[in-house]
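Fair warning: this is a prediction, and the values are worked out from it, not measured in the lab. In the text below, chain A, chain B and the rest are named by the order of the sequence lines, each starting its count at 1.
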Amino acid sequence: MESTDQRTDMPPQYEPKATQERWSAFWLDRKLFHSEPSSREPYCIVLPPPNVTGALHAGHAFQQSLQDFIIRRARMQGREALWLPGTDHAGIATQVVVERELAKEGLDRREMGREAFLERVWQWKDRYGDRIVQQMQALGNSCDWDRLRFTMDEGLSQAVRVAFVRMYDDGLIYRGERIINWCPRDRTALSDSEVEHEEVDGELVTFRYELTDGGGHVDVATTRVETMLGDTGVAVHPSDERYSSIVGRTVRHPFDGRDLPVVADEAVDPAFGTGAVKVTPAHDPNDFEIAERTGLPRLNVLNADATVAAGAPEEFRGLDRYEARTRVTEALRDRGLIVHEERPFRHSVGHCYRCHSEIEPWLSGKQWFVAVDRLKQPAIEAAEDGRIVFHPERWKHAYLEWLRGLRDWNISRQLWWGHRIPVWYCANGHEFAAVEDPASCAECGIGDLDQDPDVLDTWFSSQLWPYSTLGWPDETPDLDFFYPTTVLVTGYEILYLWVARMIMSGMYLVGDVPFRNVLIHGLVRDAQGRKMSKSLGNVIDPLDMIEEYGADALRFALARMAGPEQQNLPLSREGIEAARNFANKVWNASRQVFGSYRPGGGAPELPDRTEWSLAERWTLSRHQACLEEVDAAMDAYRFDEASQALYRFAWTEFCDWGLEAEKSRRASGEPGERHDASRVVAWVLERTLRLLHPFMPYVAEDIWQRFGAGESVVVAPWPEGHADHHDDDAEEAFGFVRELVANVRQIRGIVGPGEYRLVVGDGLAEELDPLREAVERLAGSSLVAMGDAEPEGRFVRLSVRGREARLQIPGEFDPSQAIALRRKRLAETTTKLEGSEQKLENDRFLSRAAPEAVEKERAKREDLSREAGVLHDQITLLESLGA
RNA sequence: GGGCGCGUAGCUCAGCGGGAGAGCGCUCGCCUCACACGCGAGAGGUCGAUGGUUCAAAUCCAUCCGCGCCCACCA
């Protein structure tokens with residue numbers, strides 16, 4: 001037999017760093033993560049592409065770990081498992097980063113011009129685009145790196161154009177002049193989903209419009225006084241009798257003398273404020289619609305940077321919007337038109353999801369929109385009839401509600417970095433969309449063409465991700481084989497921004513759902529549930545954690561908190577450390593096993609059933625239970641449960657009892673016998689490593705390789721269960737042993753070291769005989785049968801599961817001495833306890849102590865009280881031993 | 001305004017109709033020949049409050065209190 005000692009190169013502590021480097025290289029070298037269409041069952045996950053210029057954070061680490069757990073298991077289960085990675089160009093985010101870089105050099109993109117600027121962005125991308133990919137690899141992600149894609153690479157850009165043109169020609173994309181969400185800082189339009197609403201403490205100002213004919217006035221309230229510069233009317237409810245006499249008349253604008261009609265419209269709530277509302281069509285979506293219905297004109301009084309524009313009276317031009325607010329209020333006050341000064345008013349204001357500036361509802365000129373009415377119906381049905389399943393299911397309802405209320409999607413951005421809108425305008429006023437850059441007008445043939453200057457919303461390309469990465473619009477073998485993908489793993493924060501749109505576009509462009517399952521997870525927070533932020537100083541950098549504790553530890557810690565119902569996922573250094581300790585535990589269990597087991601060719605094989613000891617039967621039974629739990633949990637995407645089951649089995653069952661019980665058997669005997677005695681634990685270990693591999697691939701691989709059972713645990717078969725390993729008798733019998741041992745240990749802990757003898761009746765002795773060595777080792781006592789006779793000396797009666805035993809304690813033991821010691825300590829504790837109580841009492845009467853100090857004192861009293869209880873119990877036990 | 005989630009051991013959470021659990025932290029004893037990133041033994045909870053359904057409720061229902069999130073064209 002080949003007899004190399006697998007343990008000689010296993011140090012007492014697992015060393016993650018070298019292990020990770022070694023096996024990463026090995027996996028990539030062998031292309032174990034590469035996948036092609038085959039006769040196997042397809043299993044595909046597309047990675048939600050992180051920002052190409054971003055850095056890997058704890059949220060990425062978590063989300064990607066979940067995907068890796070899934071795909072590694074699927075691969076072992078014999079599926080053709082593809083995890084397709086990539087990065088996103090992230091329009092605004094990237095453009096802003098590069099603009100900031102340029103600003104350091106004193107450069108401005110508008111001065112550089114579009115082409116030069118884009119060149120700089122590409123340089124940036126080439127320089128930093130690999131960084132996040134390398135970071136993803138450091139996690140141990142088993143992505144098919146040969147298929148790495150980027151939303152602006154050639155193929156995906158082509159997909160964007162085809163999608164656009166198809167939707168344009170089908171009337172689903174149109175250009176229109178509507179109120180949009182404008183970010184004055186990024187100077188671009190945003191979709192509704194990119195606006196975050198926040199409650200803000202504002203002020204409600206009521207001011208007065210005098211009727212032009214001098215016959216009275218009407219008061220209106222607003223939180224945005226400055227927009228009154230753009231008012232073109234006043235609206236009241238049609239059935240509001242207070243105002244019926246002034247409908248149709250006009251009021252005079254105090255600053256520029258314009259006459260503003262008073263109109264009637266259903267949208268006005270008569271119960272709010274004065275029941276009359278100023279109408280600013282160019283700066284408020286509601287007002288825009290009122291103006292549409294009533295024919296009021298639109299007057300734009302803001303520039304793109306939210307300063308007051310030329311359409312406004314001269315005295316306010318050029319002012320910033322907030323400054324204008326103050327100045328307009330002052331001007332109104334000067335004219336005696338303020339009815340109520342500012343009243344505190346809490347209302348919700350939109351903010352840019354990127355830069356957090358206040359969003360300006362603005363009439364920016366023509367923008368491009370996707371009409372959603374025809375797109376959303378199939379997307380609704382796909383979720384309703386279960387072609388797409390949400391995990392947890394409650395997100396389905398959120399998704400459906402959002403879709404039902406969805407309005408047209410603004411997709412044009414006034415940026416340069418992104419997919420330029422493939423629409424051209426000719427000198428004759430024709431407009432057309434084209435996949436390839438045209439040389440002449442599609443309608444009149446003249447060559448004088450201008451391409452639309454805007455680029456598409458980043459999410460327009462992202463929504464194509466599940467199929468554009470597989471080759472769409474071409475009907476590639478990949479697309480045919482892997483689409484629809486199996487499961488999408490993502491956070492709830494982009495359910496609308498991204499997930500819903502992938503479903504809508506996938507249904508429309510490809511004709512089928514983009515994925516069959518959607519796994520929605522929570523957000524990674526710190527141990528106190530707070531968001532990780534630099535200002536709080538609570539950021540856990542996954543790369544630091546990998547450096548310090550190893551990738552396996554980080555992954556396992558992430559797995560353990562992956563409960564699906566949580567919105568917050570607390571990640572702490574302590575949790576990662578605990579996972580690191582677990583990896584080390586597995587490592588050392590292997591050292592133990594390889595101390596006697598000598599791998600032959602192939603995986604360990606179980607000896608014949610008749611040769612299993614009780615401890616082995618119990619271990620195999622527990623292992624089978626563990627396997628079933630892991631399978632059920634992973635099928636339900638419950639990685640917290642799966643990792644918990646593995647932790648419990650590997651540590652508290654396999655190591656603490658399974659391995660310990662076998663130690664004595666292996667300690668004695670010849671080398672050959674030792675090997676035989678290890679076959680069961682070796683078999684269990686090898687299979688446990690396979691179960692552990694999706695979570696802790698590096699340590700699993702490093703140990704697994706020592707069995708010489710195959711190329712790599714990455715492609716080893718996922719363990720099949722052995723239902724016949726369930727062994728209720730062994731569970732019962734060994735459970736009894738565990739309890740008996742625990743009882744003995746408890747007494748030994750109190751009495752102290754020495755020679756103990758566990759004395760049992762003949763019947764029980766016979767039952768325990770096969771376990772004699774294990775029991776003696778675990779309990780630290782020799783086992784003797786004495787029939788019904790009383791043992792000599794001092795002993796404690798034990799009653800475990802209805803069976804009686806007596807533990808004879810060391811002859812030299814002197815209870816009175818032990819009791820005296822305990823009594824002394826009890827007296828000390830009691831004194832301290834009384835002191836503590838006295839102190840609390842004094843503090844209560846004098847109420848002078850700081851609350852924190854009182855709390856601390858209370859905790860101290862609690863501790864002392866508990867200690868006294870424990871000592872008391874010990875004294876009682878010792879006294880029962882008789883003096 | 002509409003919807004959703006959460007309140008269980010000091011901390012973070014699992015359990016969701018019949019035994020109150022895990023990790024970390026804490027106390028005590030141990031460098032026991034795989035592991036001190038360890039071993040053994042402990043302490044610690046009226047499962048947010050009230051009422052109801054049930055033979056039985058942390059677990060189901062109702063109300064309330066306290067956190068948090070999402071959606072919404074609240075001037």
Side-chain angles (χ1 to χ4, degrees), chain A residues 7 10-14 179 192-193 196-197 204-206 220-224 227 235 267-269 272-280 284-290 345-348 350 361 392 394-395 397-398 401-402 405 407 492-493 495-496 522-523 525-529 549 553 557 560-561 563 565-575 577-595 638 640-641 644 647-648 652 655-656 659-660 663 667 741-742 745-750 752-753 777-778 780 825 859 862-863 865-867 869-871 873-874:
Chain A
R7 217 178 103 191
M10 293 182 82
Q13 284 188 354
Y14 171 58
I179 287 265
D192 296 341
S193 298
E196 292 174 349
H197 291 272
L204 192 66
V205 172
T206 307
V220 294
T222 179
T223 53
R224 303 200 51 201
T227 62
V268 180
D269 175 6
F272 186 91
T274 62
V277 59
K278 61 193 272 303
V279 182
T280 322
D284 183 284
N286 269 326
D287 294 2
F288 181 84
E289 283 173 21
I290 292 175
F345 187 76
R346 201 165 168 75
H347 63 132
S348 144
R394 64 191 160 86
W395 289 109
H397 307 293
E401 280 310 300
W402 181 82
R407 298 189 303 167
Y492 62 81
E493 78 280 5
L495 178 61
Y496 310 127
L523 260 35
R525 302 295 176 99
D526 75 1
Q528 280 79 50
Y549 299 109
R560 296 195 72 178
M561 66 188 202
E565 296 296 334
Q566 290 162 256
Q567 281 189 158
N568 296 336
L569 305 159
L571 178 65
S572 66
R573 178 177 283 270
E574 289 71 27
E577 196 175 313
R580 185 271 315 262
N581 295 349
F582 178 58
N584 192 239
K585 188 70 180 177
V586 174
W587 176 256
N588 272 291
S590 312
R591 294 179 73 218
Q592 165 73 11
V593 170
F594 284 119
R638 289 298 303 266
D640 54 335
E641 287 182 351
Q644 178 65 29
Y647 188 96
R648 189 209 64 227
T652 66
C655 287
D656 288 353
L659 278 181
E660 289 296 333
K663 266 184 181 171
V741 166
R745 282 171 172 172
Q746 184 180 18
I747 291 155
R748 285 180 56 104
I750 294 166
R777 179 185 173 80
L778 292 166
R825 277 169 53 187
E862 285 296 303
D863 282 348
S865 164
R866 287 167 195 157
E867 203 178 321
V870 172
L871 285 166
D873 290 350
Q874 291 186 355

For A/V268, which contact category applies under a 4.0 Å heavy-atom criterion: base, sugar-phosphate, or nothing? base

Mind checking what makes side chain to side chain donor-acceptor pair (under 3.5 Å) contact with A/R648, not counting sequence neighbours? A/E629, A/E653

B/rG15 phosphate, OP1 or OP2: any side-chain N/O from A/R638 under 4.0 angstrom? yes

Look at the side chain of A/C655 and decide which nucleotide, out of B/rC69, B/rC37, B/rA34, has an atom nearest to it. B/rA34

With rounding to whole Å, what would you report as the distance between B/rU8 and B/rC70 at their C1' atoms? 26 Å

In terms of the nearest nucleotide of RNA chain B, which residue is placed more toward the 5' end: A/D656 or A/Q746? A/D656

Return whichever of A/A742 or A/Y14 has its heavy-atom-nearest nucleotide of RNA chain B closer to the 5' end. A/Y14

Suppose you measure atom C1' in B/rA20 against the same atom in B/rA62; what distance do you get, rounded to whole Å? 26 Å

At 4.0 Å (heavy atoms only), tell me whether A/Y496 reaches a base, stays on the sugar-phosphate, or touches nothing. sugar-phosphate

Under 3.5 Å donor-acceptor pair, A/Q874 side-chain atoms to B/rA41 base atoms: no

What string of B, S and - do you get for nucleotides 19-32 of chain B, 5' to 3', if B is base contact, S is sugar-phosphate-only contact and - is no contact with any protein heavy atom under 4.0 Å? ---SSS--------

Can you tell me, in whole Å, how much space there is between the P of B/rU12 and that of B/rC28? 25 Å

Aromatic plane relationship, A/W395 with A/Y492 - under 30° parallel, 30 to 60° tilted, over 60° perpendicular: parallel

Give A/A589 one of three labels, base, sugar-phosphate or nothing, depending on what nucleic acid heavy atoms sit under 4.0 Å from its own. base

For A/Y14, ring pair (Phe, Tyr, Trp, His ring centres under 6.0 Å) partners two or more places apart: A/W587

At less than 4.0 Å, is any side-chain N or O atom of A/R748 found next to OP1 or OP2 of B/rG40? Yes or no. no

Measuring only the C1' atom in each nucleotide, how far is B/rU50 from B/rC55? A whole number of Å is fine. 23 Å

Partners meeting side chain to side chain donor-acceptor pair (under 3.5 Å) with A/T222 (sequence neighbours left out): none

Suppose you measure atom C1' in B/rC13 against the same atom in B/rG7; what distance do you get, rounded to whole Å? 12 Å

What pairs with A/E493 under side chain to side chain donor-acceptor pair (under 3.5 Å), at least two apart in sequence or on another chain? none

Minimum side-chain heavy-atom gap A/T206-A/V220 below 4.5 Å: no

All side chain to side chain donor-acceptor pair (under 3.5 Å) counterparts of A/D873, not counting sequence neighbours: none

Which value, in whole Å, describes the distance between the P atoms of nucleotides B/rA34 and B/rG21? 32 Å

Just verifying a value: how many Å separate A/N588 CG and A/Q13 CD, rounded to the nearest 0.5 Å? 8.0 Å

By ring pair (Phe, Tyr, Trp, His ring centres under 6.0 Å), A/Y496 pairs with (sequence neighbours left out) A/W402

Base, sugar-phosphate, or nothing for A/R580, non-hydrogen atoms under 4.0 angstrom? base

Contiguous Watson-Crick or G-U pair runs (3 or more, under 3.5 Å) in RNA chain B: B:1-7 with B:65-71, B:10-13 with B:21-24, B:26-30 with B:38-42, B:48-52 with B:60-64

For A/H197, give me all partners under ring pair (Phe, Tyr, Trp, His ring centres under 6.0 Å), at least two apart in sequence or on another chain. none

Quick one: do A/L778 and A/R745 satisfy side chain to side chain contact (heavy atoms under 4.5 Å, CB included)? Show the steps, please. CA-CA 9 Å; A/L778 292 166; A/R745 282 171 172 172; 3.8 Å; yes

The nucleotide from B/rC35, B/rG5, B/rG42 with an atom nearest the side chain of A/R394 is B/rG5

Give a yes or no on whether a donor-acceptor pair under 3.5 Å exists between the nucleobase atoms of B/rC35, that is its base, and the side chain of A/R591. no

Please state the C1' separation for the pair B/rA41 and B/rU32 - nearest whole angstrom. 15 Å

Side chain of A/N588, heavy atoms from C-beta onward: which of B/rG40, B/rG15, B/rC35 has the nearest atom to it? B/rC35

What is the distance from CD1 of A/I747 to P of B/rG42, rounded to the nearest Å? 10 Å

Of all the nucleotides listed (B/rA34, B/rC73, B/rC74), which has the minimum atom distance to the side chain of A/S348? B/rC74

